[in-house]
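So the structure is just underneath, and the comments pick up after that.
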Amino acid sequence: MLNRSLCAAARARGMLAAPLVGSAAPSHAGPSRAAHSHSVAGAVSQPAAGDARPQHRARKGTGGNRQLPGVRNQQQRAQPRAAAYAEHDVWQPLSPPKPAFARPPRQPAWMAAPRDNAATQHNGRLLRLRAALGAGDGAAVHEAWLALGEGRSRLIEADRVLLLRLAKRELEDAGGDTEAIAAARRDYALAAAQRRSALTVDWARLCLRAGDVDTPARLAATFIGAAPPTHAGVDVQVLSLVSLAMLGWCSQSRDLQPLLALVRGQPHLRSATISLPRIRRTCDAVFKEQPCLLPNAEQAREAAMEAAPLLDASWGIDSLPARQAEDEEDDGEPARSLATSDPDTQNSLATRFASLAGMRQADAVLALDAAAQRAIELGYLRSGADAEWTDQTTASLLEALLGLDKRAEAAAAWKAHLVRSGKPRPSSTVWSGLLHGYARVVDSTALWDTWKSMRPEERTPKMLTTTISGLFHGREVEEARERAMALFQEARSQGPLSVEVWNAVLYGQVTSDRIAVVESLLQEMVAGHNGAPRPSVSTFNTVLRYFARRGDIPELQARLRAMSEFGIEPDVVTYTTVLDGLMRAGRSSPTATVLQLMRESGEAPNVYTHTALLKGLLNPGGTLEASGARMHAVPHFREALELLLKMEAEGPLPSEVTYNAVAHAVVRHGTDVHEALSTLPEPFSSPVPLSAPGEEPGVLDCLAREAPNVGIALQIWDRMRARKLPLPRPAVHTFLMAFLSASHLPEPAVRALERRTTQLLERCTSEGPSPRPRTWLLVLQLLMERNSPATLKRVLALHGKWAADRPEAADGMLGRLVHQARTQLAQDRGE
DNA sequence: GTAGGGTTAG
């Protein structure tokens, strides 16, 4: 269908509106009719089977040393406490508040017209309450409060805040003699606190200081079930309330199980990182002021700090199906998870490791590992629950650590797993975590070594796909590709392989431009020869990618026709690939046709489609050398930024790739941005980014005026940060380029951007994405063109630290450039 | 690990 329509694109194009592109782009010639170029090139060149080379490189992470360290003894000091509380009515202290207070009013009181007598009466009482609040008269407030009766539920937010402030002040003023006042005022303060706010946390803290340990828990219970906040990340108020509740319960040696159960089952908390220092600060604040009537204060604080990791380990655990459903709603894409993609082996802790790794929070991964181990030993995470530590958990932890380049930690986790499991060999699941981790950091050598270390019975068909696909991504391209092909041929000789394995091989051949091999493999699949599986839509999409990347539209058409003849319908990936191919060829008009076709076929454009579209808008002449003069067509910044804002508002949400595509184009085409500035949508028309710590806002105003493209790039970074998107390496390079390539800027702006440069490099060396030689080359080259010895010195120092355990970094171009930079610096100093 | 960013090393 698509192929026929593509041929008709030129005809149809006049009738089709450009749906996503704000204004119709200038039209170029439509695609030419393709000749049948269906013949497949020569026979398969069979790569040599097997790999005779000796294994010379030491295995990474697979831990040859399996000695048992004495880790067990120190872990046994606490007994599982959960059982002792089995009969205890754990919900007693957390019984819900009176129904009248359970929900905030649906309608503010002032909106209800005084139509009848009851309403007039209510308004009168309300006015009395407000008058008492205004006068700060505690006794009168309390009296008015009691008189209000049912009307309490109709208080507006402002009333509640005032009530809470008054209650807080009274409790503060009461000094040591707090019991009576706390008891008398608690009911209205509690009602007033039907809202997450810093004030609520204040109130809970005051109650705790007054020795009341149940109110914080009750507040936590109230809020935790309420609607989650709209922002991503930790619900700080809830975390503080739970921390305070925990402190209170520790002071009475109560079991924490019910409290921990509270923070479980909160799907929106799953990806949140619990900051242990924050829990500590919250608890410490209770003791800051005297008097503190909390019993056993010191022991309570110690116990709470010891228990804080349990909170971390339980946070957001459970309710996995809910979380999944939520993820899929987001943008139609399944959650990006690491080893946990198999629904049969879902495991909460594994999911959290994966999401922490996704946010590149290596410390949080390690802290959660420790916390979870402890929680298991204390019996708070129990066998049979999905919080159990399974092989899946270990696999996810390993993948996360390897993916974050924490090899030593991964090796320790590997060893700990073998000790814990008591088995001589890890399971397939655990091996799989290792493979995925190495595939993630494209370490084909380690990947291969891992594959070799596995026994045949430990290998699964999926792992073959993982390994082959990982080898094709590796850096030692030739060697890895040979290994991957040998692996494929060997496996093939032993029996039919899945279409996924074949697709992985095809993908590898496509990305290394081996189109002849691609053709012959595809032909085998189409013909069903030699046990080759039937090609899937992915197979065709993979082949299409080859021609799309080249902007080879006749071939795209031929392939689409072949696909259709084979009886496979295009999917969203097909459409995106074709769209991308058209854009690369500099043809913007047929793209409207593709989008229209998508609409007709019910394949909704997703974030990939939109990103390709954005790239096309920003490179209207195409991105291929062949498109020659059109390369210099002016980017459609207005349309692109409008589309970006539209995606943020209506979805599909932009990914880090989307943002980087825009930022990169903006940085590269500074002059064009300057000229288009007044036409850009807010906030990009006055591109003042958020200020970094210690940065004066005036500098950024100046930057927005003098280098608006840098301002916009930084605004885009702000948006990525707000969405908690990871910072990919290409984006690091984009921003480094932005910081160091703007010329003719006033001195303060230059200094601010150079400070941002060193800050970004520092961030990369400490938490990633770790710099590559390319990163340093980029920075040093740009920096040496200008006269900034102080910054150059700092960058060289950072590079020195990075290069310390990379002896190979001293070679080659980077080594020479570093030497040159050092010389330049020394000369500066000499003069 | 099918598609989008630029990368890889120089």
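Keep in mind that what you see is a predicted model, and the values were worked out from it rather than measured. By convention in this document, chain letters (A, B, ...) are assigned in the order of the sequence lines, proteins followed by strands, and residues within each chain are numbered from 1.
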Any donor-acceptor pair under 3.5 Å joining the side chain of N606(A) to the base of dA3(B)?
-> yes
Just checking L777(A): base, sugar-phosphate only, or nothing, at a heavy-atom cut-off of under 4.0 Å?
-> base
SB check E565(A) R561(A) (cutoff 4.0 Å) = no
Ignoring hydrogens and angles, answer whether the base of dT2(B) and the side-chain atoms of T542(A) contain a donor-acceptor pair closer than 3.5 Å.
-> no
Touch class at under 4.0 angstrom, heavy-atom based, for N503(A) against every strand present | nothing
Residues D513(A) and R550(A) bridged, charged N to O under 4.0 Å | yes
With a cut-off of under 6.0 Å to the ring centre and 45° to the axis, is R459(A) in cation-pi contact with W451(A)?
-> yes
Short side-chain N/O contact to dG4(B) OP1/OP2 from K615(A), under 4.0 Å = no
What's the CH2-P distance between W776(A) and dA9(B), to the nearest Å?
-> 15 Å
Under 4.0 Å between any heavy atoms, over every strand shown, what does R668(A) touch: base, sugar-phosphate, or nothing? Just pick one.
-> nothing
Sugar-phosphate only, base, or nothing, as touched by T577(A) at under 4.0 Å among non-hydrogen atoms = sugar-phosphate
Could you state the atom-to-atom distance from CZ of R806(A) to P of dT8(B) in whole Å?
-> 13 Å
Short side-chain N/O contact to dG10(B) OP1/OP2 from R816(A), under 4.0 Å = no
Using a 4.0 Å heavy-atom cut-off across all strands, classify T658(A) as base, sugar-phosphate, or nothing.
-> base
Closest nucleotide among dG6(B), dT2(B), dA9(B) to the N541(A) side chain = dT2(B)
Do R638(A) and E642(A) sit within salt-bridge range, that is, some charged N less than 4.0 Å from a carboxylate O?
-> yes
Take the protein atom CZ of R481(A) and the nucleotide atom C1' of dT8(B), then report the distance between them rounded to whole Å.
-> 13 Å
Length of the CZ-P vector between F735(A) and dT7(B), whole Å = 14 Å
Can you tell which of dA3(B), dG10(B), dG5(B) lies closest to the side chain of V657(A)?
-> dG5(B)
Side-chain N or O of H733(A) closer than 4.0 Å to phosphate OP1/OP2 of dG6(B) | no
Could you state the atom-to-atom distance from CG of L814(A) to P of dT8(B) in whole Å?
-> 11 Å
Answer yes or no: does a side-chain N or O of R774(A) lie under 4.0 Å from OP1 or OP2 of dT7(B)?
-> yes
Starting at atom CG of L644(A), determine the distance to atom P of dG5(B), rounded to an integer number of angstrom.
-> 16 Å
Measure the distance from CG on D580(A) to P on dG6(B) and round it to the nearest whole Å.
-> 10 Å
What is the distance from CZ of F547(A) to C1' of dA3(B), rounded to the nearest Å?
-> 16 Å
More than 12 heavy atoms from other groups under 6.0 Å of CZ on R668(A) | no
Establish, with yes or no, whether the OP1 or OP2 oxygen of dG5(B) is under 4.0 angstrom from a side-chain nitrogen or oxygen of R549(A).
-> yes
Closest to the R584(A) side chain, choosing from dT2(B), dG5(B), dG6(B) | dG5(B)
Look at Y507(A) and dA3(B) and indicate whether a side-chain polar atom (N or O) is within less than 4.0 Å of OP1 or OP2.
-> yes
Using a strict 4.0 Å threshold on nitrogen-to-oxygen distance, state whether E519(A) and R559(A) make a salt bridge.
-> yes
Indicate, with a heavy-atom threshold strictly under 4.0 Å, whether R545(A) touches base, sugar-phosphate, or nothing.
-> sugar-phosphate
